[in-house]
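Beneath this line is the structure, given in structure tokens, with notes to follow.
Bear in mind that the values here come from a model prediction, so they are computed numbers and not experimental data.
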Amino acid sequence: MNSQFTRIIAAMTAEEKVDLLTGNGLWRTASLPQHGIADIVMTDGTYGVRYSSAQIDGSEKWSMDDFISVITQTADKANGEEPAAKGGSEALFSTSLPATCFPNGSSLACSWDIDLVQQMGQALGRECQHMGVGILLGPGINIRRTPLAGRGYEYYAEDPVVSGDIAAALINGLQQEGVGASLKHFAANNSEYRRTEMDSVVEERALREIYLAGFRRAIDKSQPWTVMSSYNRLNGVQTSQDPFLLTQVLREEWGYDGLVMSDWYGIKDRPASLMAGNDLAMPETRRDKQTLLAAINAGEVPMAVVDTACLRMLALLDKVQRHRRPDTQADFPAHHALSQHLAAESIVLLKNDDNLLPLRAEKTPRIAVLGKPAQEPVIQGSGCATTVPYLLDRPLDEVFDLAGDDFTVSWAVGAPDDVQSDEQALAQAREVASQADVAVIFVSTAVGEDGENGDRHDLNILAVHERLIHEVSAVQPNVVVVLANSDAVVMPWLPQCKSLLETFFAGQGMGRAVAEILFGKRNPSGKLTVTVPNTLEETPAWLHYPGENLQHYYGEGLFVGYRYYDKRRIAPLFPFGFGLSYTRFTYSNLTLSAPEAGENDTVMVSFDLTNSGECAGKEVVQLYVSAPQGELIREEQALKAFSKVALAAGETTRVTLALPMADLACYHPGLKAWVVTPGDWQIRVGGSSRDLPLEAVLNVACPPRFAPLRDDNSLQQLIQQPEAFARVVALIASKSPVSPEQIREKLIRLAPDLFCGLLIALTEFLALDITREELNAVLAGHE
């Protein structure tokens with residue numbers, strides 16, 4: 001096949017090659033029928049297929065106004081007055097086809113369910129095939145560094161292991177159906193504030209261990225057909241034209257052989273972007289085509305670089321075309337059921353005092369349902385990923401349906417307006433709540449505060465919703481809050497409720513999922529993939545957000561999310577990995593497949609998990625490791641493996657998690673390499689980052705690696721590196737009548753008192769005739 005592509009490329013003119021490496025309109029690639037090249041369609045998004053017939057099918061001329069309408073689209077407009085399958089909805093520019101609106105990233109990842117996420121990927125793939133889409137522009141896996149980030153709802157977690165594994169599952173499902181993924185946004189796109197201008201300034205360890213690690217994990221496990229570069233600068237270089245990112249790391253170090261495309265209008269210098277490894281420029285812009293062609297004709301961009309990008313492009317087009325299934329009919333009702341299942345698995349029970357949930361007819365037969373989101377659910381974020389839902393479960397309808405004849409359900413909106421309190425509506429809500437045995441209040445953050453090109457202003461829910469909680473709790477002691485939000489919120493109202501369900505943005509099936517959890521038809525099993533703070537000011541990135549002078553300094557370094565709270569010994573409102581259940585789980589009998597391992601081994605970590613409660617449930621088991629003391633600063637602990645386990649009441653199962661020793665490595669900036677610290681590692685297992693009842697010690701046996709020494713290092717640092725120390729002792733012995741053993745003992749004795757560098761210590765304090773050059777040669781091992 002490569003030879004066929006090579007022949008096609010050899011027959012193309014420079015102009016045709018430039019066309020091939022540039023989009024055609026907003027959502028298509030170029031069509032070159034003279035070379036047998038047909039175009040393909042790509043479209044957003046990360047949790048649903050957003051297909052605009054007018055723009056993709058060309059029945060309407062697109063304009064910049066259209067693109068702006070995409071990135072400023074709000075979820076309420078996409079949902080419309082009625083869901084698309086129940087009466088139609090105008091959305092985006094002209095009409096978007098209805099599709100399944102699955103749980104958004106911030107919700108989906110809380111399922112921690114790899115198999116289920118892969119099923120979602122397969123469903124997205126079938127809907128893409130149904131609509132003729134060849135590339136779905138997702139998933140997005142940027143680290144949720146700050147809960148203020150406008151697109152946090154699209155992303156999975158504050159941790160790269162969860163992010164990478166969830167993304168890989170989605171990509172594998174999607175690509176199994178013959179539709180390519182576009183893993184995005186590469187890289188360090190962790191804020192929407194002035195996103196095309198800001199420079200993310202990240203030191204190399206944090207960049208590699210946190211912000212790139214999820215991408216690497218996803219690529220290793222799924223080989224996405226494309227990767228999308230981001231809008232921001234990274235350490236002074238535009239990411240879409242950064243050879244460090246797109247060539248050195250992505251291709252040379254990670255071995256990625258797929259295509260790299262730009263984010264839409266994300267390229268500032270087209271020749272530089274192609275030279276750096278950004279193959280495809282999206283969408284079509286006349287300026288990009290002209291500047292690239294001029295640079296090729298001037299010899300500034302070698303034809304070999306152009307041809308390599310064309311080869312990747314032809315390979316992608318061929319892959320998409322070979323996997324086209326034009327007769328595919330998506331089963332939207334089945335996908336709706338899957339969206340309900342995903343939502344139910346992702347919803348997190350954060351509080352359940354007095355076991356108020358599940359609701360039982362003998363205890364709380366009269367239910368008051370309050371809040372506008374019960375009728376108009378907040379199911380997704382705003383911006384380019386916004387999907388017109390094929391169906392929409394309204395929580396109030398679902399509560400009425402499941403309540404049946406066993407409960408009496410009453411309803412009051414409480415806060416009909418998102419901005420102004422309505423005293424009459426509040427009075428009605430108080431009255432309805434006071435006559436009930438329990439009040440279920442649906443609340444949310446402001447619709448549209450999340451999205452593209454702008455961040456959230458605070459971490460509050462709507463003020464009118466907060467007031468509704470306070471007013472109702474004054475007359476009703478049994479309050480359940482159902483929360484819809486893009487990312488973490490602060491909860492000064494938490495003491496006013498006994499139970500709290502966190503849904504994030506759980507998609508079109510959220511209403512049914514919530515109702516089933518409320519009535520105990522499903523046991524909640526979601527767990528947080530971010531830390532929920534007590535205040536915005538305690539979040540790790542707060543002091544450096546949003547930056548100044550167009551620089552966003554990642555001053556917290558490695559200590560993102562739970563790593564920060566652990567290191568600072570801060571108790572957050574809710575920790576990473578936390579989530580309650582209607583049953584209880586007990587951990588016991590932790591064993592390791594070996595007490596000692598080398599750096600290339602994999603250790604199997606096994607333990608017993610028991611459902612010690614009275615109903616069936618699922619537990620997300622989590623494995624963390626804590627490194628021994630070493631040369632580099634480390635987090636207190638880091639997640640390395642997880643699994644979701646279903647157990648009947650009273651059932652015990654043996655759970656085994658694989659722990660490759662390579663996953664223990666940290667990046668050593670002095671060595672420019674990944675290194676595993678030898679010594680005793682703590683292996684911890686449990687149900688959240690702050691609940692790890694099982695612990696074992698694993699000895700990792702590997703040679704220590706040290707950063708190169710220089711002549712201004714201290715004698716104490718030299719002594720810590722035995723081989724270099726021996727070489728320096730031999731050098732001194734060659735210039736002194738004293739025996740090597742005596743020299744060694746003297747240096748060890750003097751080391752604590754010698755504050756100066758090695759060269760000064762040896763030449764001035766010990767009066768040795770050693771030049772800087774020969775000392776550095778010996779330190780480097782070049783004797």
Side-chain angles (χ1 to χ4, degrees), residues 44-48 50 70-79 100-111 117 120 124 137-159 162-163 166-167 170 184-185 189-193 195 214 230 339 342-343 346-348 373 377-389 443-462 482-490 501-510 513 526 528-533 536 539 541 561:
D44 288 308
T46 55
Y47 55 84
R50 199 205 66 233
V70 175
I71 64 173
T72 59
Q73 173 70 9
T74 56
D76 55 345
K77 293 178 185 174
N79 294 346
T100 307
C101 179
F102 286 105
N104 296 189
S106 61
S107 178
L108 177 68
C110 293
S111 72
V117 173
M120 173 178 155
L124 286 169
L137 302 174
I141 63 163
N142 293 104
I143 291 293
R144 284 156 71 188
R145 172 181 175 251
T146 168
L148 290 172
R151 293 178 78 175
Y153 74 91
E154 289 189 52
Y155 304 142
Y156 295 136
E158 66 189 22
D159 179 85
V162 183
S163 297
I166 295 290
L170 189 87
K184 64 184 188 182
H185 305 91
N189 184 174
N190 308 104
S191 166
E192 290 298 293
Y193 174 77
R195 64 180 180 178
S230 56
S339 75
L342 280 158
S346 302
I347 290 170
V348 186
V378 180
I379 64 166
Q380 63 180 321
S382 302
C384 71
T386 305
T387 304
V388 177
V443 302
S444 75
T445 49
V447 173
E449 72 161 14
D450 50 80
E452 298 197 51
N453 207 32
D455 287 346
R456 301 166 69 191
H457 299 298
D458 55 46
L459 301 186
N460 301 318
I461 64 171
L462 284 168
V482 180
L483 174 63
N485 48 302
S486 60
D487 208 321
V489 297
V490 292
L501 285 177
E502 168 63 271
T503 73
F504 291 107
F505 290 156
Q508 66 183 51
M510 179 270 277
L528 293 172
T529 58
V530 290
T531 304
V532 177
L536 173 59
T539 56

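- A distance-only check finds a donor-acceptor pair linking the side chain of Ser111 to the backbone of Leu108 [under 3.5 Å].
- By the side chain to side chain donor-acceptor pair (under 3.5 Å) test, Asp487 is found to be paired with Arg144, residues two or more places apart in sequence or in another chain being considered.
- A pairwise comparison of heavy atoms in Ser444 and Ile461 identifies O-CB, 3.5 Å as the closest pair.
- The backbone N or O of Ser486 sits less than 3.5 Å from a side-chain atom of Ser106, completing a donor-acceptor pair.
- Counting only distance, with no hydrogens or angles, the side chain of Thr100 and the backbone of Phe102 share no donor-acceptor pair below 3.5 Å.
- Heavy-atom minimum distance, Thr529 versus Ala109: CG2-O, 3.5 Å.
- Residues Thr146 and Ala541 share a closest heavy-atom pair of CB-CB, 4.2 Å.
- Here the shortest heavy-atom pairing between Ala149 and Ser191 reads CB-CA, 4.3 Å.
- Here Asp455 contributes atom CG and Leu148 contributes atom CG; the two are 6.5 Å apart, rounded to the nearest 0.5 Å.
- Here the CG-CG distance, from Asp44 to Leu137, works out to 5.0 Å after rounding to the nearest 0.5 Å.
- Scanning for side chain to side chain donor-acceptor pair (under 3.5 Å) contacts around Thr531 gives Glu158, with sequence neighbours left out.
- Counting heavy atoms from C-beta on, the side chains of Thr539 and Pro147 come closer than 4.5 Å.
- With Asp450 contributing its side chain and Gly150 its backbone, the two residues share no donor-acceptor pair below 3.5 Å.
- Summarising the geometry of Met120 relative to Pro103, their closest heavy-atom pair is CE-O, 4.1 Å, with the distance given to 0.1 Å.
- Put simply, the side chain of Thr46 does not reach to within 4.5 Å of the side chain of Tyr153, judged on heavy atoms.
- Of the possible donor and acceptor atoms, one in the side chain of Gln380 sits under 3.5 Å from a partner among the backbone N and O of Thr387.
- Contact detail for Lys184 and Gly138: the closest heavy-atom pair is CE-CA, 4.2 Å.
- Residues Asn485 and Glu502 have side chains in contact (heavy-atom distance under 4.5 Å, counting atoms from C-beta outward).
- Checked against Val489 for a side-chain contact (heavy atoms from CB on, under 4.5 Å), the options Val532, Leu483, Asn460 give a single hit: Leu483.
- Residues Thr386 and Arg50 form no side-chain contact, since every pair of their non-hydrogen atoms from C-beta on lies 4.5 Å or further apart.
- Interatomic distance, CG of Asn189 versus CG of Asn142, reported as 5.0 Å (0.5 Å rounding).
- In this structure, Asn190 contributes its side chain and Ile143 its backbone to a donor-acceptor pair below 3.5 Å.
- When each of Leu170, Ile166, Leu124 is tested with Pro139 by the rule side-chain contact (heavy atoms from CB on, under 4.5 Å), just one qualifies, namely Leu170.
- The shortest distance between side-chain heavy atoms of Tyr155 and His185 falls below 4.5 Å.
- One finds the CZ atom of Arg151 at 11.5 Å from the CG atom of Asn104 (value rounded to the nearest 0.5 Å).
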